[in-house]
Amino acid sequence: MADLPRRSLLAGIAALGASACSKINQSETTQALFDAAENGHRDLHRALAGKQGLAKEYTRDQRSPTFRGNGSVKVDDPFYQDQLAKGFPDWRLEVRGLVAKPLALSLADLKALPQRTQITRHDCVEGWSAIGEWQGPQLAALLDIAGVQETAKFIVFRCADTLYGRDYYESIDMVDAYHPQTIIAHALNGEPLPEKNGAPLRMRIERQLGYKHAKYVKAIEAVSSFDKIGQGKGGYWEDVAGYQWYAGI
Ligand SMILES: Nc1nc2c(c(=O)[nH]1)N[C@H]1C(S)=C(S)[C@@H](COP(=O)(O)O)O[C@H]1N2
Ligand SMILES: [Mo]
């Protein structure tokens, strides 16, 4: 039963394709239908899975031998490259926006928090999957330390890379933000993240498709709306190719 929405969503995305999306998007009626379908999918998905339903976790021997890099696999920025070479001693993750106490956390700060390790399958809409072991603190812990205000409705992830000339970013709502498997990962398969997989920090949001898992995260922002961020659709691929904002699997 829980497989139903996942298969229909993946089939729907596969059937559309990016260029079809941009053409179809020109029609407001079609967009309204898309929005209704997306909201319906979100409600059905959460009703079936339960708000805190966990994504399947795997055993160590089920991990993929290699975890490919997709989208940006390099960050074209001198500070980033200098930090990468040194192990990111001066890298800071900002937690900001609608919070009582903005934070600027080092990698050591993040490693000192309680850690979650999870072996999960990553599903990319481009038609590949990989199983990897991720480690890092839960996003919930950071949000609690920063004191997220009640007016915050979404969490936005700001990334250090650009893809085809635009800043990559993503956003999720508070249910996914506080999901136990939503972590800020600093390690993949027991090693620091390689550059291609989002060093030094990338999101794992295990109930969502691959494009939601922001890599190279430099800031986490609590907001009441993402209308004025990017093109206003809540994420890079949502803006560029009309991908659904709610990418629940
Ligand atoms: N900052 C950033 N995050 C990103 C992307 C990107 O290009 N830039 N690509 C997304 C997509 S489409 C996928 S499938 C995954 C790929 O993660 P991987 O490179 O570790 O395989 O990262 C997602 N997060
Ligand atoms: Mo993807």
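Counting convention: from 1, in listed order, for ligands and their atoms alike. Numbers here are sequence positions counted from 1.
Using a 4.0 Å cut-off to heavy atoms of G71, the atoms of ligand 1 that qualify are 7 (O). For ligand 1, the atoms sitting less than 4.0 Å from at least one non-hydrogen atom of C124 are 14 (S), numbered in the order shown with element in parentheses. Atom numbering of ligand 1 starts at 1 in the shown order; those under 4.0 Å from a heavy atom of K196 are 19 (O). The distance from ligand 1 to the heavy atoms of Y211 drops below 4.0 Å at these ligand atoms: 10 (C), 11 (C), 12 (S). Applying the 4.0 Å criterion to heavy atoms of C159 picks out, from ligand 1, the atoms 1 (N).
What sits closest to atom 7 (O) of ligand 1 on the protein, heavy atoms only, is S72 N, 2.8 Å. Remark: minimum distance from atom 24 (N) of ligand 1 to any protein heavy atom is reached at H213 O, 3.0 Å. For atom 23 (C) of ligand 1, the closest non-hydrogen atom on the protein side is G210 O, 3.4 Å. Remark: minimum distance from atom 14 (S) of ligand 1 to any protein heavy atom is reached at H122 NE2, 3.2 Å. In this structure, the protein non-hydrogen atom closest to atom 19 (O) of ligand 1 is K215 NZ, 2.5 Å. For atom 22 (O) of ligand 1, the closest non-hydrogen atom of the protein is R202 NH2, 3.5 Å. Counting protein heavy atoms only, atom 1 (N) of ligand 1 is closest to D161 OD1, 2.8 Å.
Here's the thing with R68: one of its N/O atoms is less than 3.5 angstrom from an N/O atom of ligand 1. For ligand 1, none of its N or O atoms has an N or O atom of Y216 under 3.5 Å away. When only interatomic distances are considered, the shortest N/O to N/O separation between W128 and ligand 1 does not fall below 3.5 Å.
Checked by atom type and distance alone, the side chain of Q62 never pairs as donor or acceptor with a backbone atom of I131 at under 3.5 Å. With hydrogens and angles ignored, the 3.5 Å screen pairs no side-chain donor or acceptor of D239 with any backbone N or O of G230. Listed for the K212 side chain is a donor-acceptor partner under 3.5 Å among the backbone atoms of S171. Judged by distance alone, with hydrogens and angles left aside, the side-chain atoms of D173 form no donor-acceptor pair with the main-chain N or O of K153 at under 3.5 Å. Judged by distance alone, with hydrogens and angles left aside, the side-chain atoms of H186 form no donor-acceptor pair with the main-chain N or O of L201 at under 3.5 Å.
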Practice task
Kindly determine whether Q118 and E206 satisfy side chain to side chain donor-acceptor pair (under 3.5 Å), including the steps that lead there.
Solution key: CA-CA 9 Å; Q118 56 202 33; E206 303 295 356; 3.1 Å; yes
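Not a single heavy atom of K212 sits less than 4.0 Å from an atom of ligand 1.
Contacts of Y168 with ligand 1, taken as heavy-atom pairs under 4.0 Å, involve the side chain alone. When non-hydrogen atoms are compared, ligand 1 lies under 4.0 Å from the side chain of F67 (C-beta onward) but not from its backbone. When heavy-atom distances to ligand 1 are checked against a 4.0 Å cut-off, L163 comes that close only through its side chain, counted from C-beta outward. Contact annotation for E170 and ligand 1: no heavy atom of the residue comes within less than 4.0 Å of the ligand.
In this structure, R116 is not positioned above the aromatic face of W134 in the sense of NZ or CZ being under 6.0 Å from the six-membered ring centre and within 45° of the axis. Judged by the 6.0 Å distance and 45° axis criteria, K218 is not positioned over the aromatic ring of Y216.
In this pair, Y80 and W91 present their aromatic rings perpendicular. The plane angle is above 60°, beyond the 30 to 60° band. Ring geometry for F67 against H122 counts as perpendicular: the plane angle is over 60°, on a 0 to 90° scale with 30° as the lower cut.
Annotation: side chain of V240 is in contact with side chain of R166 (closest heavy-atom distance under 4.5 Å).
Closest approach of A146 to V95, counting heavy atoms only: CB-CG1, 3.8 Å.
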